[in-house]
Amino acid sequence: MISVDAALHAVLAHARPLDAVALPLAQALGRTLRRDARADLDSPPFDASAMDGYAARRADLAQTLRLIGESSAGRGFAGALGPGECVRILTGAPVPAGVDCVVKQEDTARDGDAVRVLHRDPATFIRRRGENRRAGDLVVPAGTRLGPPELAALASAGVALPEVTRAPRCAHVVTGDELVAPDRTPVGAQIRDSNSTLIAALLAQHGAELVAQRALRDDLDGAAAALAELPPHDMLLISGGASVGDHDIARALLERAGYKLHFHGVDLRPGKPLLFAQRGESLAFALPGNPVSHWVVFHLFLAPLLRFLESGVATPLPRLTGRLGAGGRLPPTDRRHTFWPCRATIVDGHPELTPLALASSGDAAGLVGANALLPLPPAGSSFAPGQTVAFIPCP
Ligand code: AMP
Ligand code: MG
């Protein structure tokens, strides 16, 4: 059985970053930029007013100015300013030739074409051409995950079709004779399938594309036939049947499909029977069926893998420090568990961690509120409320 760190290392060592596609900005949220994006023009592209007011010459401000026209956003003033003249100007409008300051509206009094300056501000209220960015300046570096500010920056730089990593394609199958869909009422030995919903939501949240999702029975032949029909994918997740029970088919299923086993079993609870295998570019995982195992395994291995597929950069699991809250239930430290799902909140400006009161790793509803994983201390030591701990944020 290998350690969590060794398992993550093995997963990333067998992954290859995905290829790039050009996507419209509206579809590029969350994707990773592949080339440096540079400004094609100066920003602003002309000297522009920062205020609503009057464009004038500073030397004339003691006298009453004569209004000769207007410069508004998108419609500049064509002429040049002569001595004693001013132009009505609005925020974002081009500053006319001959102007060296904008007097803001609040500092003026106007009577028809006559404008008097009541207060002379030392500021010019002119945004100079190129003061934000010069043509050719770096706007968003390659490797950046595109959030709303980065998308807006690309838009302003004229990068309408950024080259980004394509979304990782994932296929998911749940196995289990006991499973019924969420809209059905289980009878007898049945239970509802919550893992399909959990995995679909986690994949969507992490920018992956779910290309197929199937519910299969614990029947090797039938499952093998269904697996052969899956559309192309970068990642295959098999839920349930990962262990060595009589009806645990995942390993045999993958071997029959030509996958090469990299590891089966990780020193991790919940999630110990985790299996990782590969066939060409397809990376497959068999996850123990318990919903809590799914959530833990996703954040420890699958989220870092998705990030690597998109960025080509192996980043360590993020760690934050916080205080263990006095409320909630302290997780057991009996080594039956090594990671515990928690709720991290900000209390008095600092992260505070509340371990979730999970009845068992089959407790899907017990995961409600989970947004952090707490690595538990080695056997023999224990946690106390108020103690500072390191945890893994699970956004
Ligand atoms: P398995 O890994 O197949 O042995 O399943 C372990 C436990 O997880 C069993 O109690 C299963 O009933 C449960 N389980 C398996 N698949 C799911 C699922 N899709 N949704 C909810 N529970 C599941
Ligand atoms: Mg099963």
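In this text, all values refer to a predicted model and were calculated from it rather than measured experimentally. Excluded from the calculations below are hydrogen atoms, water molecules and symmetry mates; all remaining heavy atoms, backbone and side chain alike, are included. First listed ligand is number 1; within each ligand, the first listed atom is number 1.
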Short version for Arg192: what comes under 4.0 Å of ligand 1, heavy atoms counted, is backbone
re atom 17 (C) of ligand 1, the protein heavy-atom contact at minimum distance is Asn195 ND2, 3.2 Å
Does ligand 1 have an atom that lies less than 4.0 angstrom from a heavy atom of Gly362? no
re atom 23 (C) of ligand 1, the protein heavy-atom contact at minimum distance is Gly289 O, 3.4 Å
d(Leu198 CG, His294 NE2) to nearest 0.5 Å is 7.0 Å
To atom 19 (N) of ligand 1, the nearest of Ile191, Asp193, Thr175 on a heavy-atom basis is Asp193
Pro288 heavy atoms within 4.0 Å reach ligand 1 at atoms 2 (O)
If we number the atoms of ligand 1 from 1 as shown, the ones under 4.0 Å from a heavy atom of Glu178 are 11 (C), 12 (O), 15 (C)
Exercise. Under a 4.0 Å N-O cut-off, is there an ion pair linking Asp234 with Arg166?
Worked result: yes
among protein heavy atoms, the one nearest atom 4 (O) of ligand 1 is Asp248 OD1, 3.9 Å
Self-check item: Check: His264 side chain, Ala242 main-chain N or O, donor-acceptor pair, under 3.5 Å
Solution: yes
If we ignore hydrogens and angles and just use 3.5 Å, is the side chain of Asp36 paired with the main-chain N or O of Ala142 as donor and acceptor? yes
Please confirm whether Ser239 comes under 4.0 Å of ligand 1, counting heavy atoms of the residue only. no
**Prompt:** Is there a donor-acceptor pair closer than 3.5 Å between any side-chain N or O of Gln27 and the backbone N or O of Pro24?
**Reply:** no
Counting the benzene-type ring for Trp, do Phe298 and His206 have ring centres under 6.0 Å apart? yes
(message) Are any of the N/O atoms on Leu287, whether in the backbone or the side chain, positioned under 3.5 angstrom from an N/O atom of ligand 1?
(response) no
Can you tell whether the side chains of Arg129 and Asp42 come within less than 4.0 Å, N to carboxylate O?
yes
Of all protein heavy atoms, the one nearest atom 10 (O) of ligand 1 is Asn290 OD1, 4.2 Å
May I ask you to decide if Thr165's main-chain N or O and Arg31's side chain share a donor-acceptor pair within less than 3.5 Å?
yes
> Ser194: heavy atom below 4.0 Å from ligand 1, yes or no?
Replying inline: yes
| query | For Gly30, does its backbone N or O pair with a side-chain atom of Arg145 as donor and acceptor, under 3.5 Å? | reply | yes
Ranked by distance from atom 3 (O) of ligand 1, the top protein heavy atom is Gly241 N, 2.8 Å
